[in-house]
Each structure stands twice: as C-alpha cells, then as structure tokens.
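Working notes, structure below.
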Amino acid sequence: MTVAEATHLIEPHGGKLVDRSGPRPDGVEKLEQIALTPRELSDLDMLASGALSPLEGFMARHDYERVVDELRLANGVPWALPVCLAVDREPGGDQVALADGAGVPLAVLDVEQAYEYDKEREAERCFRTTDEAHPGVARLYEQKPLYLAGRVTVFERAEPAFPELALDPAQTRATFAERGWRRVVGFQTRNPIHRAHEYLTKGALETVDGLLIHPLVGETKSDDVPAGTRVECYRVLVDNYYPADRVLVAAFPAAMRYAGPREAIWHAICRKNYGCSHFIVGRDHAGVGDYYGTYDAQLIFEEFEPHELGIEPMFFEHAFFCRVCGQMSTPKTCPHGGDDHVFLSGTKVRELLENGQLPPAEFSRPEVAEVLMQAYRG
Ligand SMILES: [Zn+2]
C-alpha cells in the first residue's frame, strides 16, 4: 500500500513521490563543477524533495520539446514549464558537480545529454511573449546556450530561508495525515495577504478539511515585497484569524517565473505533490504587467481532462469589502457598484504605509498593516 492510499491523500503527480536526495559520493571534488543560478538552485532543491515529481533531474530534450509544444512530458503526463539547467558547453565527463553561487557543491548530475534550445521559441510558447521587458523572458535570454540534462543526486540541501517553514512534500503529507485531512486546498502567494485573500482562502476552506498557505520564497522580482516581510504577515494573520488546527503555513521554495497560465498549472502540480487535492487560482495568477488576460490562468485548466491533473483548481474573482453588503464579496456575490467597495491598489497601499497611515480595516487586518508599515519605514 502506498502512503497516499494509507492516508487517503491525493497521489503524487505521476504516481510516486520522487526522492533525489542521497549521500555524498566519493570524488565529488574531482568533478567538473557547474554553478547554478538562483532559479536553478530552487529547481534542484525541489527535485531533491520530490516537489517536482515525477521529474528526477533536469529535463532531456524529448521532455523539454514536448513540454514547450504540448504541456506534456514525453510520456504524456501533463507538465507546464521547462525545468532545465543551462550551461556553456558539453561537459567532458559523465558526471558533473552542481554548486551554489559560493562554489559549495550540492549535488551530482549524471550527464544524459547536452542540447541546443531556441530561446525565442521557448519565450513565445511558455511566456506568450518575446518581450525582454518581461522578467521571465529576460532571465531566459540571459541564460547560457545549451541545456544539460540528467538525473540528480542531492547530498547537500541549501539552507532554507525560513527553517521553521521548510517542509518537504513528505512532511506536509505526514502533517495532513496526522490531522486527519483528506481534502486540502493549497494557496499560492507571493504578496502579503490582505482581507481579500483571507476571504478566498476561508471560502475554499469551508468546503475542504484543511488549508495550506504556501508562500513562494524563491527568487522574485526586486519590486515584489520581500519574503521575510510577507512571511511575518502570514504569521500574524494566521495567529489571529485562523483556527490553528485547520491551517498549515509552509514555504514553497520555487522561484517565480511569471509565466502566468502555464505557471498556474505548474504551481498546481507541485502542490499536488505536497498533498493538496485542491488549488486556488485567482485572476491573473503568476502574471506580471499586462502580458496575460485576466482569466487566462483559469482557462488553461480546460486544456486537460480533470483526471489528468488530479488536483482540482478552485477559481476565484478579486474580492473586496462592500459597505452595502456589510461584508467581503466579489462581483459574483455582490450586486453593488464600485463606489460601495473598499478596494486599494498595491501602489495605494504602499503610499499609505510609507506615509505612516494604516490602510482601512476593511482592506487589511491591523496586525498585517502594522508589519508592513514597520517594513516600509524600517
Ligand atoms: Zn455589495
């Protein structure tokens, strides 16, 4: 019996939780060494933990090509974004060491192949734009010219940014099982949680057993709110407004790609590996600028049969406080006009906080606003 059967949790993507961590082999110091970028380091860590199951390493060409063209691995299993390692040239040996930015070796890769790839094509297909102003496209264009594929064995996990929130898929699954949760909804976020997000997550939680608040803590754009501040916001919000036995906050170590619709699928698949049966997809999930249509990240789920993804998306509208309804609402549930709604843009919130003013209580919980104000003024 598998763990999933024993605990009634959803199966990992592809059927089995991958574990690519292992002991440090002899002679690592003699191997050719490749320094990974922050995005590649995040991917490596997620390969080690099984967050990217069924992947066991950086993608070979047959997987890469089919993912770019058809959102599937070579074996037909849905997969939305390349997980690739870019290098300058083909290595001489059949193994290489993968190191962090400081030159500390973390893993070995069994070289399967090195192959050329077309950056513009990848950009067009995966990001729906070839515009260099798009942060994901810019990062892609800066990459080295070849992809190096192969299975990895990770013997040194990178120091987690938030050790108390560092839970691998096996650990979140164990926690869900201990708490008796079967149906768990995952919430991806790279922004501070205001009352709108609180409303969505609680609305979703009303229909399932548990909620995983899973803030992304890998690399983001420099103008996103820093992960440390965001994590503190989640902490005060959950401590004050959520029942402790129905919610788990853990860190999602991925780097943002800003690939909008494709990243929504990718985020959902990863959360399935963490044991989530449901996943919240808001408007413009993982978007940036105006590269994606408001509902593109929801519509893309229609390209798959529900059983293929396994995890069930829960689609939400933007929420606001309506003064007439006297509660949080969305355009789906409130008939009143914009003048009755309390809604602040991210820029407006930032302005208020920088001037030492708290946003209205209908918009932000005071504890969260306090954390943000400290961050902006400190
Ligand atoms: Zn209303």
Side-chain angles (χ1 to χ4, degrees), residues 183-215 224-225 230 233-234 236-243 246-247 249 260-261 264 267-268 278-290 292-302 312-373:
R183 289 152 52 87
V184 184
V185 63
F187 178 62
Q188 145 77 31
T189 162
R190 64 177 209 261
N191 293 308
I193 301 192
H194 296 293
R195 290 196 58 183
H197 310 104
E198 182 185 334
Y199 176 73
L200 306 189
T201 54
K202 287 182 170 175
L205 177 54
E206 291 290 358
T207 72
V208 297
D209 304 321
L211 165 68
L212 175 65
I213 296 181
H214 216 200
D224 281 353
V225 177
R230 289 185 284 123
C233 290
Y234 309 138
V236 295
L237 186 74
V238 168
D239 285 352
N240 288 287
Y241 298 98
Y242 288 72
R246 289 287 181 188
V247 59
V249 183
H267 279 162
H278 293 72
F279 183 63
I280 294 172
V281 183
R283 303 202 326 176
D284 200 25
H285 182 104
V288 62
D290 54 4
Y292 308 109
T294 305
Y295 295 102
D296 285 356
Q298 300 182 350
L299 291 171
I300 193 171
F301 282 83
E302 290 174 10
E312 194 179 320
M314 296 175 101
F315 301 135
F316 281 91
E317 290 281 339
H318 276 327
F320 43 75
F321 186 90
C322 173
R323 293 196 186 94
V324 181
C325 292
Q327 62 181 36
M328 296 300 297
S329 314
T330 73
K332 244 180 177 171
T333 51
C334 157
H336 306 114
D339 288 348
D340 298 319
H341 299 162
V342 182
F343 183 82
L344 280 69
S345 69
T347 315
K348 180 71 194 165
V349 174
R350 195 169 191 141
E351 258 176 44
L352 285 174
L353 293 167
E354 280 169 355
N355 293 326
Q357 291 172 280
L358 290 179
E362 294 89 348
F363 184 82
S364 288
R365 296 293 188 187
E367 296 86 349
V368 171
E370 224 26 90
V371 170
L372 288 172
M373 187 180 293

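Whatever order the structure lists ligands and atoms in, that order sets their numbers, starting from 1.
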Rounding to 10°, state the angle centred on the Zn ion (ligand 1) that links SG in Cys325 with ND1 in His336.
100°

Which value, rounded to 10°, describes the SG(Cys322)-the Zn ion (ligand 1)-SG(Cys334) angle?
110°

Is the distance from the Zn ion (ligand 1) to some N, O or S atom of His341 under 2.8 Å?
no

Once the angle between the rings of His318 and Phe343 is folded into 0 to 90°, is it parallel (under 30°), tilted (30 to 60°) or perpendicular (over 60°)?
tilted

Classify the angle between the aromatic ring planes of His285 and Phe279 as parallel (below 30°), tilted (30 to 60°) or perpendicular (above 60°).
perpendicular

Could you please spell out the steps behind the side chain to side chain contact (heavy atoms under 4.5 Å, CB included) verdict for Phe187 and Leu211?
CA-CA 8 Å; Phe187 178 62; Leu211 165 68; 4.3 Å; yes

Would you say CG of Asn355 has more than 12 non-hydrogen atoms from neighbouring residues, nucleotides or ligands within 6.0 angstrom?
yes

